2 protein chains.
Amino acid sequence: MTRKKSEAKKEKLLAVAGDVFIEKGFRDATVAEICSRAEANISAVNYHFGSKEALYQEAWRHSFTKSLKTYPLDGGVSETAPAEERLRGQLTAMIRRIADENNKDFFIAQMEMINPTGLLQEVMKSELIPMRQQTLALVRELLGPEATDEQVHFCETSIISMCVHPIVMQRIARRTKDKNMPDIIEDFTAFADHVVTFALAGINAVGSRGNKP
Amino acid sequence: MTRKKSEAKKEKLLAVAGDVFIEKGFRDATVAEICSRAEANISAVNYHFGSKEALYQEAWRHSFTKSLKTYPLDGGVSETAPAEERLRGQLTAMIRRIADENNKDFFIAQMEMINPTGLLQEVMKSELIPMRQQTLALVRELLGPEATDEQVHFCETSIISMCVHPIVMQRIARRTKDKNMPDIIEDFTAFADHVVTFALAGINAVGSRGNKP
DNA sequence: GGTTATTTCAAATTAGTATTTGAAATAACC
DNA sequence: GGTTATTTCAAATACTAATTTGAAATAACC
């Protein structure tokens, strides 16, 4: 039963590592704390993963894989649905994915961007850029063929920002504050609705201003 | 001339410290690197500031004071101007302030939020919350008296997010990428215009949906 | 049941970094 | 110009944390 227990311990280390990395960041997270919270010996990380760095990378990928499976990018809306509905699908899925406190990949990605270790650079680039392409294409469709590239990019960035920033901020606040203090965003469905309304109105306004602002 | 030179050295340390803290974060920034870049001895930080922590705090405050002076919150728009114009003033000022690469306070604040040292907690709370109140009040005014608190908060958060997130992301990208690669946002006036258009359309759409969504 | 491979463990090692120290240099003051 | 206060400096110290090590425990395999 060595194998089974060992696998379980590896899983536990991955999970705990995710927690600690989110709480402290890569540098301030200590191998000692991760091992002790996972009820493992101090040398478990090096035995199972080789190094703290490798553990960090594996923990991210582990969480990322799980979160994509749980929240498909299109939000389950059919490709043939009207563009407005597809936008709703994409944004709702994104919001839920970011808001889910079991998901660590997105939050770690944010940390990595603002204070990079460099350890996730390649993986993130290869995973995140394709994601944005989807939204970009949809925004272009909604704006119509006359829209300039600048208009498309500005709109896309505005929309993604409305999804990402508030929820990341809320997760940050929850980490510090009293956990049973009321959140600003309690109902993510309502929030997703709000964002979709706001986004569609914005797109319309930008689109109808024509090409020369 | 000991006094004068000493003051100059302190200033230089503050400036260099800001750079290094932005590049590496508090933990990965080393006193050794700060001193060497400032052409000072390794013990200069402790001599002038007492500790690395104190230097960090002073560097932030130094930058914050300067940036507020350069970019007044209302963007220079009169209190008696129409609400739309005041919004334009606030958002343009915010965007310029964040985008200005000489300003380190906002970027450090973002780092602090996602990966807190705890050293700036109180100062930031006392400085940043009042800022948001201004925008919140203005959004409430634009939405009209019938708007619910949730609508006001959602709109405010959407608008701030549209200003903050894209520019922070761009500064992050610039740090990594080739400096003469084209930025997504080149013209901050055009971007501010876009955000104002988008925001006003969003506010209108949310407002006219009535109180029950 | 004995042998081998795997996993756990506590202690030792190594490396990096903030801070302290005390002497030397420099400027201010009379 | 001599005395005192301030500032600079290189080396020493103290501490934290990742990694290594080799022995002990445990399970797998025949």
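Scope of the values below: all heavy atoms of this structure, side chains included, with no hydrogens, waters or symmetry mates. Source: prediction; values computed, not measured. Residue numbers start from 1 in every chain, and the chains themselves are labelled A, B, ... in the order their sequence lines are given, proteins ahead of strands.
- Here dT26(C) presents its P atom at 13 Å from NZ of K9(B), a figure rounded to the nearest Å.
- Rounding to whole angstrom units, CD of residue E33(A) and C1' of dT16(D) are separated by 14 Å.
- Residues meeting the side chain to side chain contact (heavy atoms under 4.5 Å, CB included) test with E112(A), sequence neighbours left out: Y56(A), P116(A), T117(A), L120(A), M124(A).
- In terms of the side chain to side chain contact (heavy atoms under 4.5 Å, CB included) criterion, residue partners of Q133(A) (sequence neighbours excluded) are, by chain and number, I129(A), L136(A).
- Distance CD (E39(A)) to C1' (dA10(C)): 18 Å, rounded to an integer number of Å.
- Nucleotide dT7(D) holds its C1' atom 14 Å from the CZ atom of F49(B), rounded to whole Å.
- Contact annotation: N41(B) side-chain N/O to dA10(D) OP1/OP2 distance is under 4.0 Å.
- In this entry the distance linking OH of Y47(A) with P of dA5(C) reads 13 Å, nearest Å.
- Remark: C1' of dC9(C) and NE2 of H48(A) are 12 Å apart, rounded to the nearest angstrom.
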With both pairing distances under 3.5 angstrom for Watson-Crick or G-U wobble, and | for a partner in another strand, the correct string for DNA chain D is ||||||||||||||||||||||||||||||
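- The residues E156(A) and R140(A) are annotated as not salt-bridged, no charged nitrogen and carboxylate oxygen being separated by less than 4.0 angstrom.
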For every nucleotide of nucleotides 17-23 of chain C, 5' to 3': is a protein heavy atom under 4.0 Å from its base (B), only from its sugar-phosphate (S), or from neither (-)? SSBBB--
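- Between D74(A) and R86(A) no salt bridge is recorded (no basic side-chain N to carboxylate O distance below 4.0 Å).
- Using a 4.0 Å cut-off between charged nitrogen and carboxylate oxygen, R97(A) and D105(A) count as a salt-bridge pair.
- Listed by chain and number, the residues in a salt bridge (Lys or Arg N to Asp or Glu O under 4.0 Å) with E101(B) are R174(B) (sequence neighbours excluded).
- Ion pairing between a basic and an acidic side chain is recognised when a charged N comes within 4.0 Å of a carboxylate O; E85(B) and R88(B) show such pairing.
- Scored by the side chain to side chain contact (heavy atoms under 4.5 Å, CB included) test, T30(A) finds A32(A), E33(A) as partners (sequence neighbours excluded).
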